[in-house]
Amino acid sequence: MDVSTILDPLNGPQREAVSCDKKSVLVLAGAGSGKTRVLVHRIAWLLLVKQVSPASIMAVTFTNKAAKEMRGRISELLQITPQGMWVGTFHGLAHRLLKSHWQDAGLTENFQILDSEDQLRMVKRLIKEHDLDESRFAPKSLQWYINGHKDEGRRAKHVDHHNDAYEKTMVQLYLAYEQACNRSGQVDFGELLLRAHELWLNKPAILNHYQQRFQHLLVDEFQDTNTIQYAWLRVLAGNNNNITVVGDDDQSIYGWRGAKIENIQQFSDDFAATEVIKLEQNYRSTGCILDAANSVIANNPARLGKNLWTDDEEGEPIALYAGFNEQDEARFVVERIEHHVSDDLLLSEQAILYRSNAQSRVLEEELIRSGIAYRIYGGQRFYDRLEIKNVVAYLRLAYGHDDDAAFERVINTPTRGIGNKTVETIRLRARTDNTSLWRACEALLAESGLTRRALTAVQGFMALIDDCDEACQRLSLEAAAEYVLEASDLLAFHGKESGEKGRARVENLQELLNATRQFEPDTDEPSPLRAFLDTAALDAGDQQADEYTDAVQLMTLHSAKGLEFPVVYLAGVEENLFPHKMSLEEPGRLEEERRLCYVGITRAMSRLYLSYAETRRWYGQESYNTVSRFVREIPAKCLKEVRINANISRPLSAKISHASDGHDTGLLLGQRVMHSVFGQGLVLNIEGQGSNARIQVNFDDEGSKWLVAAYANLEAV
DNA sequence: AAGGCAAATGTTTTT
DNA sequence: CATTTGCCTT
């Protein structure tokens, strides 16, 4: 294989980015401009042309999916899988590091990862233990508070409470949380990054070793890095290593969870003589779609400035549909999906995107009614399911008895007569002895600190865990999991849950056994069980089921980032919904919503539909929204309004059928009417009775409006 | 320990 | 509106 294979398929700027010899390179890659391709080809370039050892390369992504894709594409391009390269997520790499240097990082050897649910439980418990009012100190906000500070690299001792009583308590709780985590060998997601950073700072020898090793750092989705992630990278890169970051300031949509778009600017300041390369040629969308995206995003101030262009044709204009309510909107979308299917497009080539999950319901109902297969992205991850977490907790507790989060979860699951009272005694003992719950149990058993009944139950539980431990050491991972499932009685426990639920739970448990069977520990982790537990904590465990059935894709705009579809429906482009009402208060949030819109538009390859509802039932209330400001930012020449008259057939006939319920307005749905000011129009909707009735009319010239029957003086035409 | 009922509470999500 | 949560009862 020669150099041409690496460079030939690339355009000018891409080539420059791939072969650039500068020590620090910032690639500003617009949507659909071949960002991943540049990263993959640059790695190939380093290996083949620069003869760099794979072991000196570290590539960092945000999601496991992206890491997996990168590894796959590198192997595909090189026709071999390079050994010794570190490709992974920030959290995954930090975790790997901490496992190798657990002592230097001040951790226990078998430290476990605390997911956000476990974290919330722990935080709740702490609030209770401190006798604080949950309404004043909401567990969720304490969790948010802790994670926020960790993302900024601050421990409890660093937080300045300004002598404010409330803030003081929060810091106190943060401190208590840190202590509880340390006591039970638990590390939350933010802690992985924070500890890894502290490891660099506190152990120069270790840092030096890794700086010597990783002379080439590559970072994907750089605009999503938060403070601690960037700090970690910067220290690792030092003054001598090579670092390439790829990102798009216009696609920064995670500011609300700590991502710092400013890191892009900071990067150029921190690394001397950074080469900045812009990738602006888009290989995804039609001219029309790009024009729209460019115009919308141009309304954001303080951009680094990119303008996407394409060789592709103008394409169809973007269609905008004004539904009279969300059902009508859904009907429109489904009708268009059916239309495209009859045009030989697959369902899976079409995606419905929305701002918030609550919107999916109506769309789903309409898809079901029409018998169209669909798949919703997002939602609960496999390893987050209750039944899965239960089994994993048994395994965790078997592996490391001091794992308090696992202990809390399964001490009485399935129920074995250990009630709150007993658990409270155990917690108290653990706190006074400053030890784990398991050790507290041992102490209590030794000195009979429990009632006879509780004593037997706890003893039974501990024996069960020891059995599981023994099974884990003796058996294969799969056999051990099977043993745990039986011995703990979890299979039967979940199986007897009512109806559909129980069946689904058993199915998932079976799926977990599958996962253990297929599991291949790929790291240098000697214990397959530990490796599996790590995967369960850090990896979503993508369900691959139905991945191959043809189905319409439904997801939020956030989860659509990085994907592309021939046809995209962007539903609910209304003020208050998108941009979301909540985001209008804080400064800077509107800009982020606009970037989200930019992400949405640029997902579409050839066709883009925008739709909104003039009336929407939202949290049980009727709301009247106008079309989103973002739509008004799209140039008129790119936009074509779909008039209701054009697809009157299904939506209206459905409405007309129950219009005869008699609203006593003398008008019928679908009827043409005349208004003295607005001119002629079509009756879309009638609500209420007689003169109180409100009528929605889509005027030919003025668009649709709601009118009060008593004053409107509508005449049938 | 399970089931029933009222109250609260609703952007976006990965690790 | 619909789902989840906490609290209360048996």
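We use all heavy atoms of the structure for the numbers below, so side chains are in, but hydrogens, waters and symmetry mates are not. First the proteins, then the strands, lettered A, B, ... as listed; each starts at 1.
For Tyr354(A) and Phe578(A), the distance between ring centers is not under 6.0 angstrom.
Here the side chains of Arg96(A) and Trp86(A) are in contact, with some heavy-atom distance below 4.5 Å.
Taking atom CG on Asn420(A) and atom C1' on dA2(B), their separation rounds to 15 Å, with Å as the unit.
When each of Leu533(A), Thr89(A), Leu192(A) is paired with Leu538(A), the side-chain contact (heavy atoms from CB on, under 4.5 Å) condition holds for Leu192(A) and for no other.
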Could you run down nucleotides 8-15 of chain B 5' to 3' and tag each one B, S or - for protein heavy-atom contact under 4.0 Å?
--BBBBBB
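Within 4.0 Å of Lys124(A), counting heavy atoms only, lie sugar-phosphate atoms of the nucleic acid but no base atom.
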Under the salt bridge (charged side-chain N to carboxylate O under 4.0 Å, His left out) criterion, do Arg589(A) and Glu585(A) qualify, and how do the steps go?
CA-CA 8 Å; Arg589(A) 296 294 302 277; Glu585(A) 288 151 20; over 6 Å; no
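With respect to Glu575(A) and Arg629(A), a salt bridge is recorded, a charged nitrogen being found less than 4.0 Å from a carboxylate O. The existence of a salt bridge linking Glu366(A) and Arg369(A) is confirmed by a sub-4.0 Å separation between a basic side-chain nitrogen and an acidic carboxylate oxygen. Of the charged side-chain nitrogens involved, at least one lies within less than 4.0 Å of a carboxylate oxygen, so that Glu152(A) and Lys260(A) count as a salt-bridged pair.
Taking atom P on both nucleotides, dT5(C) is separated from dT12(B) by 15 Å, rounded to a whole Å.
In plain terms, the two heavy atoms of Leu173(A) and His130(A) that are nearest each other are CD2-CG, 3.9 Å.
Boundaries of the chain A contact region on DNA chain C are dC1(C) to dG6(C), first to last in 5' to 3' order (nucleotide atom under 4.0 Å from a heavy atom).
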